[in-house]
S.K.: 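For reference, the structure I am asking about is given below.
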Amino acid sequence: MNVDPILSDSLNDTVRALIQALDLHEPGEGGHAERVSVYAAATGHALGLGYDDLLNLRRAAALHDIGKISVSQSTLRKLGTLDEEELEELRSHALMAMRLVESFEWLKPTVPMIRHHHERWDGQGYPDGLVGTAIPVGARIIGACEAFDVLVSGSPWRRAVSEAEALAELRRCAGSQFDPEVVEALATVQPLIQPVGTGG
Ligand SMILES: [Fe+2]
């Protein structure tokens with residue numbers, strides 16, 4: 001595959017600019033996006049994905065939560081239980097992200113991965129309740145890597161846990177929330193990953 005390095009850099013600059021915009025709206029989201037992008041690419045590589053699929057996966061993982069730019073800070077930062085309306089607003093981020101990225105022709109391959117990153121292996125996720133391998137593999141990878149990062153990074157709602165504890169939690173939820181094969185692929189690469197950025 002021929003890649004124009006200058007064009008390629010400008011495309012990646014665009015991805016970074018979008019992440020920075022999200023981080024300005026909700027500090028910490030940028031670091032999360034970068035780390036999930038690194039975890040997802042490594043996991044996808046372990047699963048045997050090719051160059052183009054890995055490039056699109058990396059971009060999709062970086063942009064998976066970009067739709068949170070349309071979610072109010074009061075909902076994103078609420079410490080108590082979200083009410084129905086707030087939950088709906090939060091969940092809308094998957095579709096809002098999809099709408100944002102699909103306006104870029106070169107980001108079209110990321111759309112299914114972004115739309116479905118909150119589906120669950122058992123069909124109990126959103127927005128479409130897809131089950132098992134009907135969920136795009138990139139979305140399954142992003143879902144597991146995002147959960148791993150949230151567990152090890154911690155949040156105002158939950159203390160950070162060790163990487164071993166996070167993997168144990170993912171394995172506990174393999175077959176219900178996560179694709180077991182994806183969880184094991186993440187487990188093989190996780191010790192080798194040096195996360196980029198530290199932004200919360
Ligand atoms: Fe998300």
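From a predicted model like this one, the values you see are computed outputs, not experimental measurements. For this chain, numbers begin at 1 and follow the sequence in order. Just follow the structure's listing: the first ligand is 1, and inside any ligand the first atom is 1.
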S.K.: Pick from R58, H64, R59: which one makes a side-chain contact (heavy atoms from CB on, under 4.5 Å) with S37?
M.R.: R58
S.K.: Under the ring-ring contact (aromatic ring centres under 6.0 Å, His included) rule, collect the residues that match up with H25, sequence neighbours excluded.
M.R.: none
S.K.: Quick one: hydrophobic cluster around L57, which other residues, with the 4.5 Å side-chain cut-off, linked directly or via members?
M.R.: V36, L47, L49, L54, M113, V137, I141, I142, V182
S.K.: Connecting only ILVMFWY residues whose side-chain heavy atoms lie within less than 4.5 Å of each other, what is the rest of L79's hydrophobic cluster?
M.R.: W157
S.K.: Okay, side chain of D128, backbone of L130: is any donor-acceptor separation there less than 3.5 Å?
M.R.: no
S.K.: In the structure I gave you, are the side-chain heavy atoms of R140 and H117 within less than 4.5 Å of one another anywhere?
M.R.: no
S.K.: How many protein N, O or S atoms are found at a distance of less than 2.8 Å from the Fe ion (ligand 1)?
M.R.: 4
